[in-house]
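Okay, structure first, notes after.
When reading the values below, keep in mind they use all heavy atoms of this one structure, side chains included, and skip hydrogens, waters and symmetry mates. Every chain is numbered from 1 and lettered A, B, ... according to where its sequence line falls, protein lines coming before strand lines. Quick caveat: nothing in here was measured; it's all calculated off a predicted structure.
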Number of protein chains: 2
Amino acid sequence: MQIATWNVNSLNVRQEHVLAWLENNPVDVLALQETKLTDDRFPSAAFAEAGYHSVFTGQKTYNGVALLSRDAPTDVEFALPGLVDEHKRVIAATVAGVRVIGVYCPNGAALDSPKFDYKLDWFAALAEWVAAEAAVHDRLVLTGDFNVAPRPEDTHDPDKWEGRILCSPPERAALEKLLDTGLTDCWRLFEEREGRHRFTWWDYRNGGWARNAGLRIDHVLASPALASACRDCRAHVGERGRKRPSDHVPVVAEFEL
Amino acid sequence: MQIATWNVNSLNVRQEHVLAWLENNPVDVLALQETKLTDDRFPSAAFAEAGYHSVFTGQKTYNGVALLSRDAPTDVEFALPGLVDEHKRVIAATVAGVRVIGVYCPNGAALDSPKFDYKLDWFAALAEWVAAEAAVHDRLVLTGDFNVAPRPEDTHDPDKWEGRILCSPPERAALEKLLDTGLTDCWRLFEEREGRHRFTWWDYRNGGWARNAGLRIDHVLASPALASACRDCRAHVGERGRKRPSDHVPVVAEFEL
DNA sequence: GCCCACTTGG
DNA sequence: CCAAGTGGGC
């Protein structure tokens with residue numbers, strides 16, 4: 001079973017990229033972030049044509065998440081319980097016996113911004129909910145754009161990034177708390193393998209991609225039952241080099257179930 | 001000798017259209033309107049590559065005119081003398097012994113708008129200057145987007161257009177005053193010929209092109225010496241059907257000199 | 001409708 | 001750098 005995540009930065013603009021990628025990579029589940037689409041505009045028909053069910057919750061201009069799946073999703077939830085939040089950042093569903101939670105975590109803007117406090121509160125609410133879900137679902141995947149690079153080696157330039165937004169101690173602690181609920185960052189199981197690329201996001205600005213100035217901020221986190229069955233986890237870095245790319249690339253984890 | 005006019009509605013967007021069209025239609029002079037480019041951004045090099053000299057006067061967002069020519073232009077003028085005008089709407093040059101005046105006449109907005117008064121004042125100043133130029137230059141062409149359809153038959157639907165902006169009596173009188181200086185509307189010399197299309201502009205709105213709801217508002221006006229040498233005048237209507245077209249098409253007049 | 005400038009978010 | 005919204009012009 002393959003489960004993937006991709007922050008598409010506007011599904012309107014990236015719809016053809018996603019369809020083409022799914023054609024070549026017929027994963028079982030794809031979590032999308034930053035669809036930037038209200039639900040009435042979600043292109044369900046195009047994905048159905050490609051053999052995918054879709055569930056989604058979105059808004060104009062910002063945020064918006066979706067889950068595409070080959071098998072029909074059940075027990076769909078469209079928000080974090082226990083947090084009043086205008087932003088559409090969470091969607092969960094059970095697919096083929098696996099609980100999949102797709103998230104678009106807040107960016108945080110800057111350490112001294114109110115948005116940073118929102119980010120930490122949001123992670124705390126997520127951790128609480130994921131702990132509850134993990135208690136119920138043996139097979140659970142939490143995936144998406146976390147806007148946190150967990151370690152110095154997950155940045156192209158630790159001297160530049162350590163302590164800054166996406167790499168600060170409070171953000172890393174917040175991510176760590178998610179892992180403390182018993183989840184494994186699947187990518188780390190395979191990072192020593194050949195041909196593994198280290199990053200999942202490259203800023204549009206300052207030629208981030210040309211300079212390989214990236215971060216690893218998109219993750220697939222798996223419960224013990226799934227982590228032990230994980231056979232691969234990689235970023236599809238080539239997508240960043242296409243025309244009109246998203247600034248994020250897909251990350252795919254494979255499980256032997 | 002072929003002299004053409006084209007309101008490109010942003011040369012930034014239409015640069016490739018113009019280059020492709022010139023490749024197939026290597027006219028001697030092409031007058032452009034609505035370049036919407038400041039002079040520092042005018043793509044002279046691309047046109048030089050294609051074998052054209054260029055002179056231009058433009059501004060950000062609005063207006064902007066240019067003359068492209070195979071032969072080097074001389075005696076270039078960049079404005080209407082005798083009118084203080086922020087708008088870059090006029091450019092004149094002598095090319096191969098022909099005085100070419102390229103104009104982007106004001107639209108006028110609506111009959112009761114101050115912009116309408118500006119339009120009439122602008123035409124009056126143009127007529128005065130053209131009369132002076134015509135006295136000096138035997139071979140003279142005044143061409144561009146005049147934003148006036150001279151006669152009912154220059155509209156797709158006279159019942160709708162007569163009396164309205166672009167077709168009102170004062171505007172037609174203002175255009176007539178230009179012709180009174182001894183100029184001929186070249187298109188009328190050939191309008192009975194087969195395969196002649198009647199319009200040069202179709203509104204982007206309401207499927208103007210699909211409905212052939214056009215107007216003839218782009219003209220080539222020639223002095224007697226040139227009018228008697230005129231062998232053809234036609235609109236290149238096919239350009240309106242291309243991808244991301246301007247709302248205007250090129251109009252080409254041919255002179256046997 | 002389409003194009004531009006400006007703003008906000010990242 | 002890229003995307004989306006607003007507002008003006010035609």
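- Between the CG atom of A:Asp203 and the P atom of C:dG10 there is a distance of 13 Å, given to the nearest Å.
- Taking the six-membered ring where tryptophan is involved, the planes of A:Trp21 and A:His236 are perpendicular, since the angle between them exceeds 60° and thus also 30°.
- For the pair A:Lys36 NZ and D:dC2 P, the interatomic distance rounds to 13 Å; values are reported in whole Å.
- Rounded to an integer number of Å, the gap from CZ of B:Arg240 to P of C:dG1 is 12 Å.
- Taking the six-membered ring where tryptophan is involved, the planes of B:Phe123 and B:Phe146 are tilted, since the angle between them lies from 30° to 60°.
- The distance between atom NE2 of B:His248 and atom C1' of C:dG1, rounded to the nearest whole Å, is 13 Å.
- C:dG10 atom C1' lies 10 Å from atom OH of A:Tyr62, rounded to whole Å.
- Between A:Ser10 and D:dA4, a side-chain N or O to OP1/OP2 separation shorter than 4.0 Å is present.
- Atom CG in B:Asn107 sits about 19 Å away from atom P in C:dG1, given to the nearest Å.
- Between the NZ atom of B:Lys88 and the P atom of C:dC4 there is a distance of 19 Å, rounded to whole Å.
- Side-chain nitrogen and oxygen atoms of A:Lys115 include at least one within less than 4.0 Å of the OP1 or OP2 phosphate oxygen of C:dG10.
- Taking atom CD of residue B:Gln33 and atom P of nucleotide D:dG9, one finds them 21 Å apart after rounding to whole Å.
- Using a 4.0 Å cut-off, no side-chain N or O of A:Arg244 falls inside it from OP1 or OP2 of D:dC1.
- Relative orientation of the B:Phe42 and B:Phe56 rings is parallel, given thresholds of 30° and 60° on the angle between their planes.
- Using the six-membered ring where Trp is involved, B:Trp201 and B:Trp161 have ring planes that are perpendicular, over 60° apart on the 30 and 60° scheme.
- Not one side-chain nitrogen or oxygen of B:Lys243 sits closer than 4.0 Å to the OP1 or OP2 atom of C:dC2.
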